[in-house]
Protein chains: 2
Amino acid sequence: MHEPISLATLRVAIDPERLALLGDDLRAAGLRATRPRELLYSILKAIGGHRSVDDLLGLLAQVDETLPRMSAYNVIADLERVGLVRRSGAGGSRAVLYEVKADNHHHFVCRSCQAVFDIPADTPPAIPDEHHLPGLIEESEIIYRGLCRDCVAIETAANDE
Amino acid sequence: MHEPISLATLRVAIDPERLALLGDDLRAAGLRATRPRELLYSILKAIGGHRSVDDLLGLLAQVDETLPRMSAYNVIADLERVGLVRRSGAGGSRAVLYEVKADNHHHFVCRSCQAVFDIPADTPPAIPDEHHLPGLIEESEIIYRGLCRDCVAIETAANDE
DNA sequence: CGCCCAGTTTTGAGTAAGTATAATCTTGAG
DNA sequence: CTCAAGATTATACTTACTCAAAACTGGGCG
């Protein structure tokens, strides 16, 4: 369900200079720059996409940077709170997925394999009538659901047998 | 996080006549009309909203209709497969939530209490450029994120102390 | 520079939600 | 009535996440 990440990418992600730079981002966001935070933020930024906490820990472990799971949950919660990372609302998979907050884009979710794809956002979604709103909108995205190309292929193959 | 459901509503949901009617829906969708399916479909339809499997079992238990959890998961998976029920993509809460498939609407998710609200859909979201698509779109919705009125009140109260 | 302590990380135990497997029951076509 | 496909249930297990409390540390201050 995820393309493999090269070891080279992972090694770049934990380069001390890079970590120091990202540490500045953390301080700018109002967080103390600690190693677990630098590592997790760096790797999520390096590999991109929509990842679970366990994905991130697993990748870090591949380059001998092991962290307790609890630390990762704490760190991700902090990053989310200060707005460096957002929960990917796409849902579908069991685990909660996160992505670095960047320019707006929408999401396509495959109903079969649950993979999440980014869709460039040319236009932001329409804002509904004031009186329908149950609160204060802070951001919005479109979620497209359907079958990704791979799963379309699998389904047609199954139907032709 | 959920307004309580009245016992009266629950009793209506398990009325034998109603179940028989919904049984027709099940058969029309290509499923055999069994009691667990009628019960779960009926109660989700009766109470509306976005519910987890355990929510539904708990409500049924209140009117002495207990089902094994495994049955509920099987039933919901079947209902989803034939399109009577959809996974609510809103995410946020730990459990997967389901809703009966009805006319299109969008969702507002509170980032604090994770409550999900329906927003009437006047217009369907725009379809992105063909060549950006990673597959076949079957449906789409807009997800608005922010703070619901209750949580806005809580936050302003906390800031004023 | 070195001390301090609120903010972080870590440890270990616990829980909720969902999955796997296989046995048993039901139902309707023939 | 029979039997196989379909549906339900029991049991055990895994995964993703939470909680509480102890241990540690980044960075402001003297």
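Here is the naming used below: chain letters follow the sequence lines, and residue numbers restart at 1 for every chain. Fair warning: this is a prediction, and the values are worked out from it, not measured in the lab. Only this structure's heavy atoms are used, side chains among them; waters, hydrogens and symmetry mates stay out.
A 4.5 Å side-chain heavy-atom check between B:R87 and A:R145 finds every atom pair outside the cut-off. B:Y98 places none of its side-chain heavy atoms less than 4.5 Å from the side chain of B:S88. You'll find the side chain of A:L60 reaches within 4.5 Å of the side chain of A:I14, heavy atoms only.
The side chain of B:M70 lies closest to C:dA20 when the candidates are D:dT18, C:dA20, C:dT9.
Using five terminal pairs a side, the axes of the helix from C:dC1-D:dG30 to C:dG30-D:dC1 at its two ends make an angle of 30°, given in steps of 10 degrees.
With side-chain heavy atoms closer than 4.5 Å counting as contact, directly or through intermediates, A:L21 stands alone and belongs to no larger hydrophobic cluster. Other residues sharing a hydrophobic cluster with B:L147 under the 4.5 Å side-chain heavy-atom criterion for ILVMFWY residues are A:L136, B:V152.
Here D:dT9 presents its P atom at 13 Å from CG of B:D78, a figure rounded to the nearest Å. Between the CG atom of A:N74 and the P atom of D:dA20 there is a distance of 13 Å, rounded to whole Å. As rounded to whole Å, 11 Å separates atom P of C:dT10 from atom CD of A:E65. If you take CG of B:L60 and P of D:dT9, they are 12 Å apart, rounded to a whole angstrom. Summarising the geometry, the separation between CD1 on B:I76 and C1' on D:dA7 is reported as 15 Å, rounded to the nearest angstrom. In this structure, B:L67 atom CG and D:dA7 atom C1' are separated by 13 Å, rounded to whole Å.
Under the salt bridge (charged side-chain N to carboxylate O under 4.0 Å, His left out) criterion, B:D64 pairs with no residue at all, not counting sequence neighbours. Residues satisfying the salt bridge (charged side-chain N to carboxylate O under 4.0 Å, His left out) criterion with A:R11, sequence neighbours excluded, are absent altogether. The side-chain hydrogen bond (donor to acceptor under 3.5 Å, both in side chains) test applied to B:R27 returns B:D24, not counting sequence neighbours. Looking at residues two or more places apart in sequence or on another chain, you find no side-chain contact (heavy atoms from CB on, under 4.5 Å) involving A:A20. Residues satisfying the side-chain hydrogen bond (donor to acceptor under 3.5 Å, both in side chains) test with A:N74, not counting sequence neighbours, are none.
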Short heteroatom pairs, N/O only, protein and nucleotides 23-25 of chain C, under 3.5 Å:
none

Quick one: which protein N/O atoms are closer than 3.5 Å to N/O atoms of nucleotides 14-17 of chain D? Pair and distance per line, please.
residue : atom : partner : partner atom : Å
D:dT15  : O2   : A:R94   : NH1          : 3.3
D:dA16  : OP2  : A:D54   : OD2          : 3.1
D:dA16  : N3   : B:R94   : NH1          : 3.4
D:dC17  : OP1  : A:V96   : N            : 2.7
D:dC17  : OP2  : A:Y73   : OH           : 3.1

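Side-chain contact, A:H106 with A:E141: no donor N or O sits under 3.5 Å from an acceptor N or O.
Less than 4.0 Å separates DNA chain D from at least one heavy atom of each of the following residues of residues 16-45 of chain A: A:R27, A:R32, A:A33.
For residues 12-22 of chain B, the set of pairs meeting the salt bridge (charged side-chain N to carboxylate O under 4.0 Å, His left out) definition, not counting sequence neighbours, is empty.
Under the 3.5 Å distance criterion, the side-chain polar atoms of A:R51 are matched with a main-chain donor or acceptor of A:G48.
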